[in-house]
Asks: 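Got a structure for you, questions after.
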Amino acid sequence: MKAIFLIPTLFLVPLAASAGVVLSEIDLAGNRVELINTGGSAADLTGWWWCNRVNGSPFYALVTSNSTVDAGLSSPGATLTNFGAGQVMVLDLTSGFLPDANGELGLYTTNSFGSASAIHDYVLWGGSGIRDLTAQNAGIWIDNDSISVAGLGAGDTIQLKPGLPGNSAADYEIAPSTLGAEQVAAPVELAI
């Protein structure tokens with residue numbers, strides 16, 4: 001007799017080339033970003049910086065000054081100063097912070113924006129970037145590799161595909177928003 005068991009697998013975090021805080025979803029229209037802590041310990045984002053491009057020029061802002069945790073979409077207890085291992089945190093950014101059609105977003109541990117050791121994660125969409133070479137030197141992106149947002153519709157976001165590190169445009173897709181949602185992998189069938 002063959003028995004089949006369905007074991008649901010909860011997939012909370014994508015695998016990352018370098019463990020830590022990962023940009024997992026970007027909502028351009030809503031000025032929101034989802035982060036996942038893929039590391040083994042809590043992260044404190046105090047002193048971390050955003051770098052993006054507005055009208056062709058880089059723009060810099062402290063994460064703690066330009067981001068508000070959306071508690072309804074984030075893991076319970078996730079804060080900017082105590083972002084636990086495995087937690088998901090959705091941040092509401094200052095209005096107009098994310099450019100729609102052609103932009104980039106870098107997450108830095110310090111305000112040394114040309115430093116490969118300071119850039120922690122990076123995503124480029126819709127064209128050429130300013131900090132993509134810095135991200136390439138850090139081993140977290142491919143220079144001039146841009147996510148196409150031509151198919152971005154109402155309610156769609158840029159999303160990291162489950163299980164991928166987020167080091168290239170191919171690791172992302174345009175899909176209906178899943179901000180704050182836990183990702184569930186397909187059930188596994190076991191035969192005995």
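These numbers come from a predicted model, not from an experiment.
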Asks: Taking all heavy atoms of Ile147 and all of Val123, pick out the closest pair and write down the distance.
Replies: CD1-CG1, 3.5 Å
Asks: Would you indicate whether the side-chain heavy atoms of Asn144 and Asp132 approach each other to under 4.5 Å?
Replies: yes
Asks: So, Ser75 side chain and Val88 main chain: donor-acceptor pair closer than 3.5 Å or not?
Replies: yes
Asks: For residues Trp125 and Ile26, determine if any side-chain heavy atom of one lies less than 4.5 Å from a side-chain heavy atom of the other.
Replies: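 When only atoms from C-beta onward are counted, Ile26 and Trp125 do touch, with a gap below 4.5 Å.
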Asks: When you compare the side chain of Ile174 with that of Ile158, does any pair of heavy atoms fall below 4.5 Å?
Replies: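 Of all side-chain heavy-atom pairs linking Ile174 with Ile158, at least one is under 4.5 Å.
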Asks: Without swapping roles, check the side chain of Asn31 against the backbone of Leu93 for a donor-acceptor pair under 3.5 Å.
Replies: no
Asks: Side chains of Ile142 and Asn167: does their closest heavy-atom pair fall under 4.5 Å?
Replies: no
Asks: With side-chain contact (heavy atoms from CB on, under 4.5 Å) as the criterion, how do Leu80 and Thr46 come out once you've worked through the C-alpha distance, each side chain's angles and the decisive distance to 0.1 Å?
Replies: CA-CA 7 Å; Leu80 290 170; Thr46 302; over 6 Å; no
Asks: What are the two closest heavy atoms between Ser177 and Leu179, and how far apart are they?
Replies: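 Where Ser177 meets Leu179 most closely, the heavy atoms are OG-N, 3.3 Å.
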Asks: How many angstroms lie between atom CD of Gln87 and atom CG of Asn82, to the nearest 0.5 angstrom?
Replies: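 One gets 7.0 Å once the value is rounded to the nearest 0.5 Å.
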Asks: Looking at Gln159 and Thr178, what are the two nearest heavy atoms and their distance?
Replies: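 Scanning both residues completely, I find the closest heavy atoms to be OE1-OG1, 3.6 Å.
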Asks: On a heavy-atom basis, which atom in Ser74 and which in Asp70 lie closest, and how many Å separate them?
Replies: OG-O, 2.8 Å
Asks: Could you label the plane-to-plane angle of the Trp141 and Tyr172 rings as parallel, tilted or perpendicular, counting under 30° as parallel and over 60° as perpendicular?
Replies: tilted
Asks: Side chains of Asn111 and Tyr60: closer than 4.5 Å at any heavy-atom pair?
Replies: no
Asks: Would you check if the side chain of Thr109 reaches a backbone N or O of Trp48 as a donor-acceptor pair within less than 3.5 Å?
Replies: no
Asks: Taking Ser146 for its side chain and Ser128 for its backbone only, find out whether a donor-acceptor pair lies under 3.5 Å.
Replies: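 No.
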Asks: Picking from Leu28, Val33, Asp121, what satisfies side chain to side chain contact (heavy atoms under 4.5 Å, CB included) with Leu105?
Replies: Val33
Asks: Does Thr157 reach the main-chain N or O of Asp27 with its side chain, forming a donor-acceptor pair under 3.5 Å?
Replies: no
Asks: How long is the straight-line distance from OG1 of Thr68 back to CG of Asp92, given to the nearest 0.5 Å?
Replies: 6.5 Å
Asks: Which atom names give the shortest non-hydrogen contact between Gly129 and Tyr122, and what distance separates them?
Replies: CA-OH, 4.0 Å
Asks: For residues Asn52 and Trp50, determine if any side-chain heavy atom of one lies less than 4.5 Å from a side-chain heavy atom of the other.
Replies: no
Asks: Within the distance-only criterion (no hydrogens, no angle test), does the side chain of Glu25 pair as donor or acceptor with the backbone N or O of Gly180 below 3.5 angstrom?
Replies: no
Asks: Starting from the C-alpha separation in whole Å, work towards a yes-or-no answer on side-chain contact (heavy atoms from CB on, under 4.5 Å) for Thr134 and Phe113.
Replies: CA-CA 8 Å; Thr134 303; Phe113 302 107; over 6 Å; no
Asks: Donor-acceptor pair, distance only, cut-off 3.5 Å: does the side chain of Ser115 make one with the backbone of Ser117?
Replies: yes
Asks: How close do Ala118 and Ser112 get, heavy atom to heavy atom, and via which atoms?
Replies: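 The pair with the smallest heavy-atom distance is CB-O, 3.4 Å.
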Asks: Are any side-chain N or O atoms of Asp145 and backbone N or O atoms of Ala169, one a donor and one an acceptor, separated by less than 3.5 Å?
Replies: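 Present.
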Asks: Please assess Glu34 against Val90 for the test side-chain contact (heavy atoms from CB on, under 4.5 Å), listing each intermediate value before the final yes or no.
Replies: CA-CA 4 Å; Glu34 179 187 82; Val90 176; 4.1 Å; yes
Asks: When you compare the side chain of Ile119 with that of Asn137, does any pair of heavy atoms fall below 4.5 Å?
Replies: no
Asks: Working to the nearest 0.5 Å, report the span between CG of Asn37 and OG of Ser24.
Replies: 11.0 Å
Asks: Looking at side-chain heavy atoms only, is the closest gap between Leu35 and Leu23 below 4.5 Å?
Replies: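 They are in side-chain contact.
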Asks: Would you check if the side chain of Asn66 reaches a backbone N or O of Thr94 as a donor-acceptor pair within less than 3.5 Å?
Replies: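 No, the answer is negative, given that no donor and acceptor are paired below the 3.5 Å cut-off.
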